[in-house]
Amino acid sequence: MRMSKLLMPTLREVPAEAEIASHRLMLRAGLIRKLAAGVYSYLPLGLRTLRKVQDIIREEMDRAGAQELLMSALLPAEAYQASGRWEVFGQSMFRLKDRGERDFCLGPTHEELFTQCVIDNVKSYKEYPMTLYQIQTKYRDEARPRFGIIRSREFVMKDAYSFDLDEKGLDISYQKMYEAYNRIFKRLGLDFTVVDADSGAMGGSGSQEFMVKSPVGEDGIAYCEKCGYAANYEKCECIPTAVDAPEEEKEREKIHTPDAHTIDELVQSLGMKPENFAKTIIYRADDKYIAAMVRGDRDVNEVKLKNLIGCVDDLELAEPDAVREITNAKVGFAGPIGLGIPVYADKEVAMMKNFIIGANESDMHYKNVNIDRDFTPDVVADIRVVVTGDACPVCGEPIKSEQGIEVGHIFKLGTKYSDSLGLKYLDENGKQQTVIMGCYGIGVTRCVAAAIEQLHDDDGIIWPVSIAPYEVLVIPANYKNDEQVAAAEKLYQELKDRGIDALIDDRAERAGVKFKDADLIGIPVRLVVGKKCGEGIIEYKERSAKEAIETSIADAADKAEEFIKKNK
RNA sequence: CGGGAUGUGGCUCAGUUUGGUAGAGCACUACGUUCGGGACGUAGGGGCCGCAGGUUCAAAUCCUGUCAUCCCGACCA
């Protein structure tokens with residue numbers, strides 16, 4: 001491609017709307033343009049990269065035995081009504097009506113459609129196992145789109161669904177996808193981690209996320225350097241630790257604690273440490289109320305709590321009025337003694353001695369409280385959020401933490417959709433069985449942003465060869481020098497003849513402008529035909545390298561090709 | 001959905017406090033000089049000052065409403 005003909009509107013200045021590196025660079029390098037919040041157009045360079053990502057995904061999915069198909073993005077309401085998700089999705093679904101006032105939506109995800117497709121078209125158990133996938137545009141009306149392409153309202157996703165006759169089959173299908181995903185992200189040049197993830201209230205034994213480590217990531221990763229354990233923060237199991245040296249149980253005492261309704265204020269007024277307190281937090285789970293207890297220095301993990309109580313829909317902090325009614329006190333003085341709702345205590349609370357709790361009476365707390373003697377929780381379980389330094393649940397070493405961008409998720413769905421939609425089969429004994437499903441997603445557009453987030457410097461993008469819009473960029477340094485231009489054109493032609501994605505900067509621009517743009521758009525190899533052209537010498541530079549090296553014109557194409565092949 | 005901020009030419013922003021009829025840099029067009037890390041000079045083109053009301057002799061500027069965008073949080077199959 002000739003740059004003089006390429007729609008590549010690079011920006012010298014940073015658009016005010018962009019906060020993070022990938023967003024800034026995608027705008028500056030002319031990859032995308034915004035149409036509305038969370039809605040972007042892909043310009044030629046951006047599209048080429050997006051396509052290359054898709055091609056890699058396609059190759060690896062096909063290699064793993066999955067079949068590609070394509071569902072509509074425009075879907076009738078009925079598709080989601082049987083599974084109940086027409087309601088569940090609520091505001092985050094783009095809804096519309098056709099001219100006959102029938103309800104439609106723009107598909108946010110396609111579990112139901114794939115399940116229905118199999119129901120309609122697969123007639124015999126002999127056709128299983130089967131894995132289907134598509135690369136498709138999804139629509140979600142995010143409450144808050146952000147970070148450019150990382151969290152947008154229209155995005156490209158690869159979603160795959162496996163259909164198996166039994167659990168053992170699902171394990172095999174899942175494993176194949178696990179391996180395919182590892183190959184895909186490696187080929188995309190991403191530095192990623194696989195973490196255990198939450199599988200939601202609907203159960204399911206396996207769920208793993210592929211995370212690209214990045215400070216701008218929206219998910220927390222807890223990991224262990226020693227044994228390699230890694231989990232989503234929400235999922236990470238917590239090993240309870242006792243803080244107090246063993247001591248005698250003391251007499252329980254009611255104490256006056258005026259206006260001390262936070263742990264901080266209690267610590268101030270009583271001169272104790274946060275870990276001497278147990279906080280009791282009132283939640284509304286769907287339409288009933290429950291209490292959760294964790295140590296004063298811990299936080300409740302709402303995902304764990306939600307899974308534990310089997311709360312399907314909504315788990316939220318109780319409204320202040322409800323708290324006052326339940327505890328007979330101002331907000332901030334809740335405690336388990338005499339509380340009329342179920343109490344879920346964290347394992348660590350069960351290990352505490354002589355601790356302090358709210359007394360369900362305004363401005364009053366109890367001290368020297370002991371579990372079982374003074375109250376008995378209905379359930380004791382792991383319901384807290386992991387913190388850095390906690391013991392690794394596998395080997396006990398201190399846990400570390402990092403932020404990550406979720407680029408892939410593989411998940412054993414089980415029979416959620418096959419049950420609700422009726423995907424069954426007759427086995428060889430004529431007995432009716434339910435098909436078992438898995439689902440596997442990759443945020444394709446998000447991968448592009450994640451790659452840039454991880455691979456850039458102050459000057460611009462540093463594309464890995466596999467997804468670079470072009471592989472080699474040829475620059476005649478002085479466009480008025482006929483010798484340089486002719487040599488550059490010849491080199492460009494040779495690269496193209498070798499099947500390399502080559503780009504030539506044939507614009508009537510000064511060298512400085514061309515170099516700046518070259519760095520910004522991040523083409524992996526740059527060949528500059530300049531002053532030493534007459535001696536048969538040009539400059540070879542890899543975008544990731546600091547320095548350029550001189551090479552003969554004769555060798556340049558070989559050198560470039562070798563690098564491309566090696567890193568593709 | 002709660003909190004905060006911002007809307008002025010394609011981009012970055014000044015002008016708003018103290019109303020007086022719109023400006024800079026970059027980009028664009030033409031010519032000349034320059035020519036290996038975003039050149040310089042001269043001359044140009046381009047703006048319903050987000051939108052709608054209101055106050056006023058006069059509104060980018062003050063008031064009311066509304067829309068949009070960004071940031072923090074909540075939410076996130």
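Chain identifiers are assigned alphabetically (A, B, ...) following the order of the sequence lines, protein sequences preceding nucleic acid strands; residue numbering begins at 1 within each chain. This structure is a prediction, so every number in the text was calculated from the model and none was measured.
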For B:G23 versus B:G65, give the span between their P atoms, rounded off to a whole number of Å. 32 Å
Using a 4.0 Å heavy-atom cut-off, write out nucleotides 67-73 of chain B from 5' to 3' as B (base contacted by protein), S (sugar-phosphate only) or - (no contact). --SSBBB
Euclidean distance for C1', B:U55 against B:U61 (whole angstrom): 13 Å
Any non-hydrogen side-chain atom of A:Arg28 less than 4.5 Å from a side-chain atom of A:Pro15? yes
Check every strand shown and say whether A:Pro108 touches a base, only sugar-phosphate, or nothing at a heavy-atom separation below 4.0 Å. nothing
Partner nucleotide of B:A43 by Watson-Crick or wobble geometry (both distances under 3.5 Å): B:U29
Considering only NZ, NE, NH1 and NH2 on the basic side and carboxylate oxygens on the acidic side, decide whether A:Arg507 and A:Asp517 come within less than 4.0 Å. yes
Starting at the 5' end of nucleotides 35-50 of chain B, put B wherever the base has a protein heavy atom under 4.0 Å, S where only the sugar-phosphate does, and a dash everywhere else. BBBBB-----------
Applying a 3.5 Å limit to both distances, which nucleotide forms a Watson-Crick or G-U wobble pair with B:U61? none
Rounding to the closest angstrom, what is the interatomic distance between B:U56 and B:C63 at atom P? 16 Å
Between B:A59 and B:U42, how many Å separate the two P atoms, rounded to a whole number? 36 Å
A:Gln175 and A:Asp171: side-chain donor and acceptor closer than 3.5 Å? no
Taking atom C1' in both B:G25 and B:U8, compute the distance separating them and give it to the nearest angstrom. 15 Å
Under 3.5 Å for both donor-acceptor distances, Watson-Crick or wobble: does B:U69 have a partner, and if so which one? B:A5
Let me know the distance between CG of A:Leu317 and C1' of B:A74, rounded to the nearest Å. 10 Å
Rounded to the nearest Å, what distance is computed from the CE atom of residue A:Met93 to the C1' atom of nucleotide B:C75? 17 Å
Using a 6.0 Å distance limit plus a 45 degree cone around the ring axis, check whether A:Lys559 lies over the aromatic ring of A:Tyr540. yes
Mate of B:G38 across any strand shown (Watson-Crick or G-U wobble, both atom pairs under 3.5 Å) is none
Mark yes or no: A:Lys138 above the aromatic ring of A:Phe155, with NZ or CZ under 6.0 Å from the six-membered ring centre and no more than 45 degrees from the axis. no
Roughly how far apart, to the nearest Å, are B:A22 and B:A14 at atom C1'? 11 Å
Report the residue (A:Gln91 or A:Arg85) whose heavy-atom-nearest nucleotide on RNA chain B is the more 5′ of the two. A:Gln91
If you measure from the Lys or Arg side-chain nitrogens to the Asp or Glu carboxylate oxygens, is any gap between A:Glu319 and A:Arg284 under 4.0 Å? yes
Taking the P atom in each of B:G50 and B:G15, what is the distance between them to the nearest angstrom? 15 Å
N-O pairing of A:Glu539 and A:Arg526 below 4.0 Å: yes
Side-chain heavy-atom pair A:Leu50, A:Leu31 within 4.5 angstrom cut-off: no
When you compare the side chain of A:Pro9 with that of A:Leu43, does any pair of heavy atoms fall below 4.5 Å? yes
Whole angstrom is fine here: how far is it from CD in A:Glu13 over to P in B:A24? 16 Å
For nucleotides B:C70 and B:A27, find the distance between their C1' atoms and express it as a whole number of Å. 24 Å
Rounded to whole angstroms, how far apart are CG on A:Leu27 and C1' on B:G10? 14 Å
Complement of B:A14, any strand, by Watson-Crick or G-U distances under 3.5 angstrom: none
Rounded distance in Å - CZ (A:Arg284) to C1' (B:A74): 14 Å
Name all pairs fulfilling the salt bridge (Lys or Arg N to Asp or Glu O under 4.0 Å) condition that reach into residues 109-118 of chain A, sequence neighbours left out, sorted by first residue then second. A:Arg85-A:Glu111, A:Arg85-A:Glu112
